[in-house]
Amino acid sequence: MDDLKQKYLSRIADAADEAALEDIRLAAVGKKGEVALKMRELGKMSPEERQTAGPALNALKDEINSALAAKKMALADAALDERLRGEWLDVTLPGRSRPAGTIHPISQVTEEVTAIFADMGFSVAEGPQIDTDWYNFDALNIPGHHPARAEMDTFYMHRAEGDNRPPHVLRTHTSPVQIRHMEKHGAPCRIIAPGRVYRADYDQTHTPMFNQVEGLAIDKDISMANLKWVLEEFFAAFFEVDGIKTRFRASHFPFTEPSAEVDIQCSWEDGQLRIGEGDGWLEVLGSGMVHPKVLRAANVDPEVWQGFAFGMGIDRIAMLKYGIPDLRAFFDSDLRWLRHYGFASLDVPTLHGGLSR
Ligand code: 2NL
């Protein structure tokens with residue numbers, strides 16, 4: 001019986017997997033296993049022999065069963081250890097870094113401008129970048145012979161052969177958006193129209209596409225005094241200086257009468273431009289009272305309604321606010337320029353002293 005025990009305990013110890021273990025179990029303690037055979041022999045024994053052999057066989061059976069259970073557990077532990085070795089992960093490795101995106105200064109400034117005018121009750125109007133020459137020129141009292149309409153200055157779309165209608169244009173300002181707004185919604189109105197505009201111009205200070213924001217306020221008693229207040233509020237908020245002064249110089253645009261070019265107060269010392277202080281002036285926009293012909297073209301009765309309009313370059317006020325000296329920073333695909341001017345992702349630079357964060 002000791003031989004039997006040694007045989008099975010050593011086979012159990014050597015078993016490589018659960019299947020081998022099951023074979024051993026059947027051979028040892030299964031119904032037809034060796035221990036069962038020995039049990040059957042008990043009947044042929046004398047009562048004395050039986051008294052020692054019976055309990056011994058039962059003990060052997062128990063011992064083999066617990067050796068099987070222990071080995072089964074050990075095999076499972078070993079399998080888990082093996083799996084853990086394979087799935088090992090170094091949680092101390094540095095993460096994979098991704099390049100951060102940045103908001104474009106033109107987008108940021110458009111949002112800033114929009115928020116400031118929104119506080120004064122202006123909503124945003126949008127419209128097509130390709131429009132008819134009616135909306136872009138005629139409705140704005142720009143006559144057919146006006147130099148702005150020459151192919152030198154304006155991008156004209158192609159017409160199909162034999163189509164003699166006047167060609168569409170790439171809008172040269174966002175005024176057509178405001179004409180369309182008045183035509184659709186009537187007066188009173190208080191809107192700004194930011195967006196891309198196009199002119200056939202390309203040199204150090206001009207790009208064929210640039211960004212503009214126009215504003216329009218129409219009601220029964222809107223005057224240039226309202227215009228001056230709105231613009232001074234805007235410049236104070238945008239350039240972050242209280243009490244910034246503006247200067248209105250008489251000018252001429254076909255779509256406004258009277259018309260004024262507007263300068264803001266600035267100083268220029270030691271090559272440092274400061275806005276909202278000193279006694280220098282910087283031209284920033286054109287404006288005026290909307291011409292009665294323009295109101296009529298948009299189906300608004302000039303005997304009842306009147307209002308102001310203005311237009312300014314977003315690129316230009318962005319350069320002034322963030323100290324960007326060169327238009328190329330907006331168009332250069334080399335993002336180092338933007339980073340140089342403080343447009344890191346989610347960083348909002350401020351005037352008068354570097355980054356706010
Ligand atoms: C500039 C400044 C300006 C307007 C734009 C405008 C729009 C409508 C009616 C009347 Cl719908 N005016 N916009 C007015 C004055 C100036 O732009 O320097 N333009 C050449």
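Just so you know, ligand 1 is whichever comes first in the structure, and atom 1 is the first atom listed for that ligand. Heavy-atom basis, side chains included; hydrogens, waters and symmetry copies ignored.
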Looking only at protein heavy atoms, which one is nearest to [atom], and how far off is it?
atom: atom 7 (C) of ligand 1; value: Glu214 OE1, 3.3 Å
atom: atom 12 (N) of ligand 1; value: Ala309 CB, 3.2 Å
atom: atom 19 (N) of ligand 1; value: Phe253 CE2, 3.8 Å
atom: atom 8 (C) of ligand 1; value: Leu140 CD2, 3.8 Å
atom: atom 11 (Cl) of ligand 1; value: Gln178 CB, 3.6 Å
atom: atom 2 (C) of ligand 1; value: Gly311 O, 3.4 Å

Under 6.0 Å from the ring centre and within 45 degrees of the ring axis: does the NZ or CZ of Lys321 meet both conditions for the six-membered ring of Phe239?
no
Measure Phe255 to ligand 1 on non-hydrogen atoms and call it side chain, backbone, both or neither using the 4.0 Å cut-off.
both
Residue of the set Val230, Leu216, Ile116 for which side-chain contact (heavy atoms from CB on, under 4.5 Å) holds with Phe122
Val230
Could you tell me whether the side chains of Glu49 and Ser46 share a donor-acceptor contact shorter than 3.5 Å?
yes
So, Glu277 and Gln265: side-chain donor and acceptor under 3.5 Å apart, yes or no?
no
Distance filter under 4.0 Å to Thr256 heavy atoms, resulting ligand 1 atoms:
10 (C), 12 (N), 14 (C), 15 (C)
Partner of Phe310 under ring-ring contact (aromatic ring centres under 6.0 Å, His included), chosen from Phe117, Phe253, Phe248:
Phe117
Please say whether more than 12 non-hydrogen atoms of neighbouring residues, nucleotides or ligands are located less than 6.0 Å from CG in Asp279.
no
Does CD belonging to Glu183 count more than 12 external heavy atoms closer than 6.0 Å?
yes
Determine, using heavy atoms of Leu285 and all atoms of ligand 1, whether some pair is separated by less than 4.0 Å.
no
